[in-house]
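In what follows, every chain begins at residue 1, and chains take the letters A, B, ... in the order their sequences are listed. Quick caveat: nothing in here was measured; it's all calculated off a predicted structure.
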2 protein chains.
Amino acid sequence: MNKSEVKVIAILERVGGFASAKEIYQLLLKNGDSVGLTTIYRALQSLVDDKLLDQLRREDGEAIYRLCGESHHHHLVCKKCGETVEIEGGAIEKWAKNMASEFGFREVDHTAEIFGICSNC
Amino acid sequence: MNKSEVKVIAILERVGGFASAKEIYQLLLKNGDSVGLTTIYRALQSLVDDKLLDQLRREDGEAIYRLCGESHHHHLVCKKCGETVEIEGGAIEKWAKNMASEFGFREVDHTAEIFGICSNC
DNA sequence: TTTAATGCAAATACTTTGCAGGAAA
DNA sequence: TTTCCTGCAAAGTATTTGCATTAAA
């Protein structure tokens, strides 16, 4: 594991959830670290190969990464103003696990988001 | 719904599962239909907007499409081969409703997908 | 010195958009 | 005519690769 990979892991720890290559890149720059996007991609690829990161896809096809085994949360997003609340998804975790095992799927992951209009809008 | 959209629907009926834009394009060509890839993309986009198709992503980020049933359901998708199972999400519906009301959100909608590797892969 | 890591630029793959010509109403 | 549909070519975005430079061992 080289320096870039350590940096990427550190950022993802700080983020505590999913982030795309570009987001990680920008966080590193903001951090004062000097890196190229290429290096981020290479670090991410290597970390996924080593099974230290999970890789999923956003709806628009962009790849997003997360530390393996990290407990994650979901979002409640306002369709109008974009305000976002992080919520626990205990029920969903169980649902995903049950459904997956019912149909014989392994290495299971999931995405879930709730959209609505917040009380201010 | 115009001619191209009808053609796309017909192909997806024949396929009986997911297909990417390129796959649909090639099937149409093999069929003797003369179409451009651009038109396929436009038809797909329009059908997704009209909620006649579900759109998901393969592991490599390519979009895949398929006819969607009318009832609200969720998907259990194989990250490798794209095989998909439609599943009921009773638990999720409740979770979404509860979370939304807890935080004062209304006009609530949600997305939820489970990813894994199916028993054949 | 020998190997591994880096980053720019170019290449690739998927998808969207601008635009002009053609079909349909 | 007026509007919609098409498809080529160009643009856009995410990601990967070639290659020469640099850092590390």
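Taking atom CG on L37(B) and atom C1' on dC8(D), their separation rounds to 12 Å, with Å as the unit. Atom P of nucleotide dG7(C) and atom CG of L44(A) are separated by 14 Å, given to the nearest angstrom. What separates CD1 of I40(A) from P of dA5(C) is a distance of 15 Å, to the nearest Å. Residue L56(B) contributes atom CG, which lies 13 Å from atom P of dT15(C) at whole-angstrom precision. Rounded to whole Å, atom P of dA14(D) lies 10 Å from atom CZ of R58(A). As rounded to whole Å, 13 Å separates atom P of dT12(C) from atom NZ of K22(B). Atom P of nucleotide dA13(C) and atom CD of Q26(B) are separated by 13 Å, given to the nearest angstrom. For E59(A) and dT13(D), the CD to C1' distance is 17 Å, given to the nearest whole Å.
Residues R42(B) and N2(B) bring no donor and acceptor atom of their side chains to less than 3.5 Å of each other. Defined by atom type and a distance below 3.5 Å, a donor-acceptor pair is missing between the side-chain atoms of N98(A) and E102(A).
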> Passes side chain to side chain contact (heavy atoms under 4.5 Å, CB included), E113(B) versus R57(B)? Steps please.
Replying inline: CA-CA 11 Å; E113(B) 307 279 340; R57(B) 294 277 166 179; over 6 Å; no

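Residue-to-nucleotide proximity on DNA chain C shows that, of Y65(B) and Y25(A), the 5′-proximal contact is made by Y25(A). When the nearest nucleotides of DNA chain C are assigned to S34(A) and E62(B) by heavy-atom distance, the more 5′-ward of the two goes with S34(A).
Separating the CZ atom in F103(B) from the CD1 atom in I87(A) is a distance of 7.0 Å, to the nearest 0.5 Å.
Side-chain atoms of D60(B) come within 3.5 Å of backbone N or O of E62(B) as a donor-acceptor pair. Listed for the R106(A) side chain is no donor-acceptor partner under 3.5 Å among the backbone atoms of G116(B).
Clustering ILVMFWY residues whenever any of their side-chain heavy atoms sit less than 4.5 angstrom apart, transitively, puts I117(B) in a cluster other than the one holding V108(A).
Regarding contacts with the backbone of dT6(D), every side-chain N or O of T39(B) stays at 4.0 angstrom or more from both OP1 and OP2. Q45(A) has a side-chain polar atom (N or O) that falls below the 4.0 Å cut-off from OP1 or OP2 of dT16(D). Distances shown here put a side-chain N or O of R57(A) below 4.0 Å from the OP1 or OP2 atom of dT15(D). The phosphate of dT16(D) (OP1 or OP2) has no side-chain N or O of Y41(A) nearer than 4.0 angstrom.
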Close N/O contacts between protein and nucleotides 18-25 of chain D (under 3.5 Å):
from, atom 1, to, atom 2, distance (Å)
dA24(D), OP1, K3(A), NZ, 3.1

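At the heavy-atom level, S4(A) lies under 4.0 Å from the strands shown only through sugar-phosphate atoms.
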